[in-house]
Amino acid sequence: MSDSSAEERPSKNFLEEIIDKDLAEGRHSSILTRFPPEPNGYLHIGHAKSISVNFGLAAKYNGATNLRFDDTNPVTESTEYVDSIKNDVKWLGYQWKDEFYASDYFENLFEFAIKLIRDGNAYVDDSTSEEIAKLKGTPTSAGSDSPYRSRTPEENEDLFRRMRAGEFPDGSRIVRAKIDMTSPNMLMRDPVIYRIKHVHHHRTDDKWCIYPTYDFAHGQSDAIENITHSICTLEFMSHREVYNWFIEKLDLFPSQQYEFARLNISYTIMSKRKLLQLVTENHVDGWDDPRMPTLSGLRRRGYTPKSIREFCSRIGVAKRDNLIDVSLLEFCAREDLNKISERRMVVFDPVKVVITNWPEGQVEQLSSENNPEDASTGDRSVPFSREIYIERDDFMEDAPKKYFRLSPGKSVRLKSAYIITCEDFKKDENGTVTEIHCTYHPDSRSGSDTSGIKAKGTLHWVSIDHAIPVEIRDYDRLFTSENLADEEGDFLEYINPDSLNVIQKAYAEPALAEDVPGHHYQFMRKGYYYADKTSSKDKLVFNQTVGLRDTWAKINK
RNA sequence: UGCCCGGUCGUCUAAGGGUAGGACAGCGGUUUUUGGUACCGUAUGUGGGGGUUCGAAUCCUCCCCGGGCAACCA
């Protein structure tokens, strides 16, 4: 293909091609999509993909997207979830056109069912769920008709109205669409469209004791709203036939369903049921535990909406099953964070360094840039004194050739400060280094270095007298298996016991005490960090969003 | 083994009969007062067999592999 034709037809995903065609052929003049969460859990990054697809497509084609809660099963749903979902969608940066609930349509849906019944397209079945399951057949063998299938429309309507009136107990009767018990599609074998549940609904209170099923509610809700493209995940593929059947029999707006492959990420789970289990069984600290793939978890961990949107755009949309490498998510986080994070120095595992030729009691305020990627963030002042902390990792008694940090006789640059040379060190009886003695080179001050000394390594550090204690929470993947779907047995067996590593007392430069909520930081040579929701002036707590790429760790392996 | 989907670098995703490209991951460099960033370079792929065609990832066919479907969940 030539360059010019590539410009004429930039690569599009299959949904964009469908929309192009629909628009070109005049099927629709504009598009309307919807994001239809069930309010029975918190949104996770898989939902972010769906949100990105639905809202992204609408934005691209100058259409709009409705937020519609699929609240047809009051047993598991609640307003807590509704609120968190709305909050998460907004946080991601999307704005819906209208906010609807499937429960807004309960009256319409009831009338639709009446019409089906009157047309001989639905009937009330008194069978038990076991009996229904038995007559349903199997994927390889046809089902057979229920003994109640031939009731008259009059009898069916009477029974259905009495179901609504609360005359019958839960499970005693259901309404089924009369389609085809021999269909190769199991879902077409007279699917249940209404069931009796004498339960309180978070929006309609106790008005209803019968509730429509997903199959009876979703397509009709789409049609009522004039949704042009109803985009869902692959597992709903075989529901499409049912979806179309209702729209046809009820003569509604011809919404069309399209399916894409849901997001899977290595080393994580995306099942709401399993996520809920992690929460209820306290394997994690709530839905917003920073290790959770929930949007609230990612937010608490310090992921930005932008990085998540970028991730969703990079993974693409297609119909084949996929397992996205978690490193792509991390890449997207670093890419954004690198540009917006202010740098700070924090020593996680300190070892004391004494600058023997620095006068006792003398403090020099040095200047350090807040963000080398963004000069507009200016500089901050960092105090330097005779006694400082550096990372224990940054000193080695016997250093290999390629180690260019501190070791006896070697020199390093202290970031934004001076070059120091290691003259001596002390160890305790266990062989642990307790103190390192160095001399500094007065003419090597950062920015005005005339020493001519070449230091290969640069270390972060904090002045002991000025250091403030902070708690650091480092995270690793929540699971030890790359692809949980491939594993046999309980997914809980694959929980990574080392997914949380708390450093109770790390030492930070004083500038960090002025932490502003919502600020993202890069702790130099460590990673990106974000204040936890529990962080306070009295006790600063930071969550690791993602570590810096660590080439040295790789070499060292 | 009934029906429905799907199979392109390790992982995602393009190429719509005409040079298999991009990203992440990997590897190797350059720059660097973060072993970060940035930049440069590099290896790896069309599940298989038959066809159609001057030419096939693309069309046909058979096979293989993966996923979904038997909730009064969504």
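Naming convention: chains lettered A, B, ... in sequence-line order (proteins, then strands); numbering from 1 in each chain.
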Task: Gap in Å between the two P atoms, one belonging to B/U53 and one to B/G2, rounded - done: 33 Å
TODO: Go through the structure and list residues passing salt bridge (charged side-chain N to carboxylate O under 4.0 Å, His left out) with A/D222, not counting sequence neighbours.
DONE: A/R68
Open item on the list: Treating primed atoms plus P, OP1 and OP2 as sugar-phosphate and everything else as base, which nucleotides of nucleotides 40-47 of chain B get B, S or - for protein heavy atoms under 4.0 Å?
Closed with: --------
Task: Listed partners of A/D170 passing side chain to side chain contact (heavy atoms under 4.5 Å, CB included), at least two apart - done: A/I196, A/H198
Task: For A/K272, all residues meeting side chain to side chain contact (heavy atoms under 4.5 Å, CB included), sequence neighbours excluded - done: A/E38, A/N40, A/H44, A/H47
Task: A/A133: side chain to side chain contact (heavy atoms under 4.5 Å, CB included) partners, not counting sequence neighbours - done: none
- [ ] Could you check how far CD of A/E16 sits from C1' of B/A14, rounded to whole Å?
- [x] 12 Å
Open item on the list: Does A/K306, at its NZ atom, have more than 12 non-hydrogen atoms belonging to other residues, nucleotides or ligands within less than 6.0 Å?
Closed with: no
Open item on the list: For RNA chain B, report each stem as range with range, ordered by first number, or say none. Use Watson-Crick or G-U wobble pairs under 3.5 Å, at least 3 in a row.
Closed with: B:2-7 with B:64-69, B:10-13 with B:21-24, B:26-30 with B:38-42, B:47-51 with B:59-63
Task: Sidechain N-carboxylate O distance under 4.0 Å for A/R34, A/E225 - done: no
Task: Identified ring-ring contact (aromatic ring centres under 6.0 Å, His included) counterpart of A/F348 within the set A/Y389, A/Y507, A/Y529 - done: A/Y529
Open item on the list: I need the minimum non-hydrogen distance between A/C422 and A/C438, along with the two atoms involved.
Closed with: CA-SG, 3.7 Å
- [ ] Apply salt bridge (charged side-chain N to carboxylate O under 4.0 Å, His left out) to A/E77 and list each qualifying residue two or more places apart in sequence or on a separate chain.
- [x] none
Open item on the list: Just to verify, what does A/D215 make a salt bridge (charged side-chain N to carboxylate O under 4.0 Å, His left out) with, not counting sequence neighbours?
Closed with: none
Open item on the list: For a quick test of reading the model: is some side-chain N or O of A/R240 closer than 4.0 Å to OP1 or OP2 of B/C4?
Closed with: no
Open item on the list: Please report whether the ring centroid of A/Y211 lies less than 6.0 Å from that of A/F106.
Closed with: yes
Open item on the list: Taking B/C12 as the reference, what is the distance to B/U52 when you measure between their P atoms (whole Å, please)?
Closed with: 35 Å
TODO: Determine, for nucleotides 66-74 of chain B in 5'-to-3' order, which nucleotides have protein heavy atoms under 4.0 Å from the base (write B), from only the sugar-phosphate (write S), or from neither (write -).
DONE: -S-SB-BSB
Task: Partners meeting side chain to side chain contact (heavy atoms under 4.5 Å, CB included) with A/E364 (sequence neighbours left out) - done: A/W358, A/L366, A/Y418, A/R445
TODO: Grab the CG-C1' distance between A/L323 and B/C12 for me, whole Å please.
DONE: 10 Å
All N/O donor-acceptor pairs, side-chain side in residues 545-553 of chain A, below 3.5 Å, sequence neighbours left out:
from	atom 1	to	atom 2	distance (Å)
A/T545	OG1	A/R301	O	2.7
A/D550	OD1	A/W552	N	3.3
A/D550	OD1	A/A553	N	3.0

Open item on the list: One character per nucleotide, please: for nucleotides 21-39 of chain B, 5' to 3', B when the base has a protein heavy atom closer than 4.0 Å, S when only the sugar-phosphate does, - otherwise.
Closed with: --SSSSS-----BBBBS--
- [ ] Specify the separation, in whole Å, of atom CG of A/L263 and atom P of B/U13.
- [x] 10 Å
Task: Interatomic distance, A/F260 CZ vs B/C12 P [rounded to whole Å] - done: 16 Å
- [ ] Write down the distance separating the C1' atoms in B/A15 and B/C65, rounded off to the nearest Å.
- [x] 24 Å
